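Working notes, beginning with the structure itself.
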Number of protein chains: 2
Amino acid sequence: MTARSMPEQTLELAAFVPFRLNRLADGVSQHLAVVYRKRFGLDIPQWRVMATVGAKQDCTAQYVAASTRMHKTRVSRAIAELEARQLIERASSSDDRRARQVRLSRSGRRMYSELVPIALEREATLLSCLGPDQLAGFLVGIETLERFLRLED
Amino acid sequence: MTARSMPEQTLELAAFVPFRLNRLADGVSQHLAVVYRKRFGLDIPQWRVMATVGAKQDCTAQYVAASTRMHKTRVSRAIAELEARQLIERASSSDDRRARQVRLSRSGRRMYSELVPIALEREATLLSCLGPDQLAGFLVGIETLERFLRLED
DNA sequence: CCGAGTCGGTTGCGAGCGCAACTATTTGTG
DNA sequence: CACAAATAGTTGCGCTCGCAACCGACTCGG
C-alpha cells in the first residue's frame, strides 16, 4: 500500500477525549446549575464565589479568582451581584487599601449551609453510578491530567 | 455530639468533582483551541463542524447539531462562516427542500486532512501522561458517566 | 386536498464574558 | 526620596451564545 493510497486518517468526534470531556463537564454542570438557579437564584460564577468564600472567610477577590480559575472580571461582577443581594460583605483591608476582604453575611451563611449538602448530595448521586474501583480509577485519571496541565490550585 | 453542635458541612471546590471536570475540560480545550485558531483560523464550533462533516459527508445541520450536542443556532452560524470561507458547500436536498446537504469542499478536505493528525497527536500527547491501566480506568469512568447522563450520541 | 402541527434552518435580541484600558495603591530600585 | 513597575479591582466595548420568534417546507388526519 503506497502513501498515495493510504486511507485518510479520520477522527470520530464521539471518540475524541477532549470533546467527550467537554460534553461530560457540560452535562454535569447542567445537572447542578438547575438547582443553583431555580432554588437559589445563583448562576455558576456566583455559586463558585459562594463556595469559595464560604470555605475561606475573609479572602480577597484575587484569591477567589485564583482558586476558581475564573477571570478576575467575572469574579468582580459575581461579587458585585452577591453584595447587592446582601449575601456577602466587603470590608477594606487594613494593610492593603487596594484589596477588600470578602466574607459571607448572615443570610449568605444561611444560604451556604443549605447549599452545601445539596451540592454534595448531587455529586454523590452522580458518582454513585461508578463502582468503588471505577471511581478510584477515574479520580486518579483526573488527578494525573490536572497535574499534567498544571491545573491544581 | 448533638445535631446542634455538628460541624458545618463544608465543600472544598478543589475536591468537588463537577468543578474539577469543568476545569479539566477547559484546560484541555485551551490546549487544543490555540492550534485550531492560530493555525487554521477556526473557533471551537467551526472545528467541531469540520470534524463532523469530514467524517460523514452529505449530512444535514441537524445531524451536526445532534452529534456535537451544540445548539442549532450555534451550528447554523458555524456552517455559515465555513461556507463563506469556502471550506464547505451546501446543496439543497432532493427529497426534503427544507434540509440542505453539507459537505467539505476541496480546500475543506485539504484542511481536514491536515487537521486530523494534529488533533489526534495532541490527544495522544495529553493522554501520554496516563499509564495504560490508568487510561483504561479513566475511559471506563467517562463512559459510565456518559451513559448515566445519557450523553452518548 | 386543506388546514394544524411539526420540522429544518435562520435571525433579532439580550445576557454574559474576556480583553484592554483605567484608577488607586503598593513595591522595588537607583 | 522619587519614579517606574507591579498589583487589586472595576468598567467600556465588542463578540458569542441561547432563547424565542420566525420562514418555508413537509405530513397527517379529517
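From a predicted model like this one, the values you see are computed outputs, not experimental measurements. These numbers come from the heavy atoms of this one structure, side chains and all, not from hydrogens, waters or symmetry mates.
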Provide, to the nearest angstrom, the distance between the [atom1] atom belonging to [X] and the [atom2] atom belonging to [N].
X     : N      : atom1 : atom2 : answer
A/R48 : C/dG16 : CZ    : P     : 15 Å
B/R69 : D/dC17 : CZ    : P     : 18 Å
B/I44 : D/dC15 : CD1   : P     : 18 Å
B/H71 : C/dC13 : NE2   : C1'   : 14 Å
B/D95 : C/dC7  : CG    : P     : 17 Å
B/R74 : D/dC15 : CZ    : C1'   : 13 Å
B/D43 : D/dC15 : CG    : P     : 13 Å

### Task
Decide yes or no for A/N22 and B/S29: does some side-chain heavy atom of the first lie under 4.5 Å from some side-chain heavy atom of the second?
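Yes, at least one pair of side-chain atoms sits under 4.5 Å.
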### Evaluation steps, side-chain contact (heavy atoms from CB on, under 4.5 Å), between A/F16 and B/L32
CA-CA 12 Å; A/F16 190 56; B/L32 281 166; 4.0 Å; yes
### Query
Among residues 19-37 of chain B, which contact DNA chain C at a heavy-atom distance under 4.0 Å?
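Heavy-atom contacts with DNA chain C come from no residue of residues 19-37 of chain B; none.
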### Task
List for me each residue that meets side chain to side chain contact (heavy atoms under 4.5 Å, CB included) alongside A/T144, sequence neighbours excluded, and say none if there are none.
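Here the qualifying residues are A/V140, A/R147, B/C129, B/L130, B/Q134.
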### Message
Applying side chain to side chain contact (heavy atoms under 4.5 Å, CB included), can you list everything that pairs with A/Q57, at least two apart in sequence or on another chain?
### Response
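Listed in chain order: A/V53, A/R103, A/L104, A/R109.
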#### Entry: Closest contact, heavy atoms only, A/V102 versus A/A61
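Distance-wise, the nearest heavy atoms are CG2-N, 4.4 Å.
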### Task
Count the heavy atoms of every other residue, nucleotide or ligand shown that sit under 6.0 Å from CZ of B/R39, and state whether that count exceeds 12.
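No, the 6.0 Å shell around CZ holds no more than 12 heavy atoms from other groups.
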## Note on the structure
Once base and sugar-phosphate atoms are separated, protein heavy atoms under 4.0 Å mark nucleotides 4-10 of chain D, 5' to 3', with B, S and - as --BBSBB
### Task
Just jot down the ring pair (Phe, Tyr, Trp, His ring centres under 6.0 Å) partners of A/F138, sequence neighbours excluded, or say none.
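Per chain and number, A/F138 pairs via ring pair (Phe, Tyr, Trp, His ring centres under 6.0 Å) with B/F138.
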### Query
Can you pull the side chain to side chain donor-acceptor pair (under 3.5 Å) pairs that have at least one residue in residues 65-74 of chain B, sequence neighbours excluded?
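The answer is B/H71-B/T73.
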